[in-house]
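Here's the structure, in structure tokens; my notes come after.
Atoms within each ligand, like the ligands themselves, are counted from 1 in listed order.
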Amino acid sequence: MEQWANQRPALARAVVTGAAGFIGSHLVESLLADGTTVVGVDRRAPGPDSVAAANLGGVLGDPNFTLITADVRTCPLTAIFRQADAVFHLAALPGVRDSWGERFTEYASCNIFATERVVAACEDARVPRLVYASSSSIYGTSSHATREVIAPNPASPYAVSKLAGEQLCLAHAGRARSELTAVALRLFTVYGPRQRPDMLIGRALTAALGGPELTLYGDGSHTRDFTYVGDVVRAAIAAATRRIGTTVLNVGAGVSTSVLDVLSAVEELTGHAVPVTRLPAQAGDVDATLADRSQAAALLDWAPRTTLIQGIAHQLSYLTADSLRP
Ligand code: NAD
């Protein structure tokens, strides 16, 4: 019995917003594999040849999975969340570069306004646990391992929007009468099969396999804490099931790797050079990110299991299998 002391029972029912996305689709698969009944909400419909259909292809026929195609800014969230043991809120507009200028209105509505709706609906529906996908971008640049207690220093409108979402979760859950506990996970550069097409590792692999040249912003000396999607999903499920209070946790592999080193790894694994077009670094691109993962280790009993080379190899297998599909 001792091993269960820190754990709530496994989730019977969960809702995943952003279910048709890169991380959301992996989370849905993992929850279903654990025996959880899952409702996914995403505004992308799984039509023929769609990203949603590709991401959710393995689970669309699963009787324990329901996909609601809807916008979290407007749909009846309280009704959707009723009876859920946990809500995982991943729906957001990701990406730093597009968040400047006119598109900020959409970033603000999808990442801030929608999060306020999600948290309020969790409270109305008496959901005990909300897990929010926050981002390492809220720290700005840092070459040393960042701890959760340091002052945020977001360097882009996207990062500001993710920090605002996180703060909304904490503000709601921190109210004296709130029955909700919220765990915001600051995710560090997630990669793996089905990675978003704007992200580095997928673009580098595609370029090495004969696709479009990789556009490299900056000289490639900038470093990231690349974190495998399967490890992120384990942390998210632990954040929903462990007996912990409202908090913020880093979810990063804790390893600093330069972009040039990633390109070398891709070249080694594919046996092909990565053709590169160089452009100057873009506003909001930070020089370095690195997680101190001691809090996630202590509270979630979490540690990454997949090395960067293993993870890139999984992503490569997915891409090559995908190109062979009829
Ligand atoms: P993704 O774009 O693949 O998935 C996001 C999903 O949210 C999409 O399917 C999109 O259709 C959906 N969505 C967006 N706005 C919506 C709305 N208003 N209503 C309904 N659905 C909506 O992105 P991802 O990389 O899987 O990221 C998932 C979450 O993790 C995001 O919150 C992102 O900010 C966060 N995050 C990702 C990373 C990373 O490296 N991928 C790092 C840090 C944080």
Any nitrogen or oxygen of Ser136 lying under 3.5 Å from a nitrogen or oxygen in ligand 1? Just yes or no.
no
Does ligand 1 have any atom that is closer than 4.0 Å to a heavy atom of Cys110?
yes
Using a 4.0 Å heavy-atom cut-off, which part of Met199 comes near ligand 1: side chain, backbone, both, or neither?
side chain
According to the interplanar angle, ranging from 0 to 90°, do the rings of Tyr228 and His314 count as parallel (below 30°), tilted (30 to 60°) or perpendicular (above 60°)?
tilted
Consider ligand 1: state whether an atom of it lies below 4.0 angstrom from any non-hydrogen atom of Ser134.
yes
Show which atoms of ligand 1 fall inside a sub-4.0 Å distance from at least one heavy-atom site of Pro94.
2 (O), 23 (O)
With a cut-off of 4.0 Å, which atoms of ligand 1 are near a heavy atom of Ala20?
9 (O)
Which residue and non-hydrogen atom of the protein lie closest to atom 31 (C) of ligand 1, and at what distance in Å?
Leu90 O, 3.2 Å
Side chain, backbone, both or neither: which applies to Arg186 and ligand 1 if a contact is any heavy-atom pair less than 4.0 Å apart?
neither
Ligand 1 contacted by Gln195 (non-hydrogen, < 4.0 Å)
no
Give a yes/no verdict on whether any heavy atom in Ala70 is under 4.0 Å from an atom of ligand 1.
yes
Could you tell me whether Gly21 and ligand 1 have an N or O pair separated by under 3.5 Å?
yes
What protein heavy atom is closest to atom 16 (C) of ligand 1, reported as residue, atom name and distance in Å?
Arg43 NE, 3.6 Å
Those atoms of ligand 1 less than 4.0 Å from some heavy atom in Arg73:
18 (N)
Around atom 43 (C) of ligand 1, find the nearest protein heavy atom and jot down its residue, atom name and distance.
Leu187 O, 3.3 Å
Taking atom CD as the centre, does Glu268 end up with more than 12 heavy-atom neighbours from other residues, nucleotides or ligands that are less than 6.0 angstrom away?
no
Sub-4.5 Å side-chain heavy-atom contact between Phe65 and Val28
yes
Pairing of Arg97 and Asp285 as salt bridge, 4.0 angstrom limit
yes
Would you mind checking which non-hydrogen protein atom is closest to atom 19 (N) of ligand 1, with the distance to 0.1 Å?
Val72 N, 2.9 Å
Is the centre of the Tyr217 ring less than 6.0 Å from the centre of the His222 ring?
no
Would you check if Val190 and Phe22 make a side-chain contact, meaning some heavy-atom pair closer than 4.5 Å?
yes
How about Thr181 and Ile244: do any of their side-chain heavy atoms sit closer than 4.5 Å?
no
Heavy-atom proximity to atom 36 (N) of ligand 1, picking from Tyr107, Tyr158, Phe22, points to Tyr158
Where is the nearest protein heavy atom to atom 5 (C) of ligand 1: which residue, which atom, and how far?
Ala92 O, 3.8 Å
Looking at atom 37 (C) of ligand 1, what's its closest protein heavy atom, distance included?
Ile23 CD1, 3.7 Å
Would Arg103 and Asp98 satisfy salt bridge (Lys or Arg N to Asp or Glu O under 4.0 Å), going step by step from the backbone distance to the final call?
CA-CA 7 Å; Arg103 280 206 81 194; Asp98 283 348; 3.5 Å; yes
Protein contact to atom 11 (O) of ligand 1 [nearest heavy atom, distance to 0.1 Å]
Asp42 OD1, 2.6 Å
In this structure, atom 41 (N) of ligand 1 is nearest to the protein heavy atom Arg196 NH1, 3.3 Å
Does Glu179 reach the main-chain N or O of Arg177 with its side chain, forming a donor-acceptor pair under 3.5 Å?
no
Taking heavy atoms and a distance under 4.0 Å, where does Thr189 meet ligand 1: side chain, backbone, both or neither?
backbone
Heavy-atom side-chain contact between Phe188 and Arg224 under 4.5 Å:
no
Please could you name the atoms of ligand 1 that Arg44 approaches to less than 4.0 Å, counting only its heavy atoms?
3 (O), 8 (C), 9 (O), 11 (O)
Indicate yes or no for a side-chain donor-acceptor contact from Arg13 to the backbone of Thr36 under 3.5 Å, with no hydrogens or angles considered.
no
Is a donor from one side chain sitting under 3.5 angstrom from an acceptor on the other, for Ser264 and Glu267?
no
Please examine the side chains of Leu77 and Asp124, heavy atoms only from C-beta on, and report whether any two atoms are closer than 4.5 Å.
no
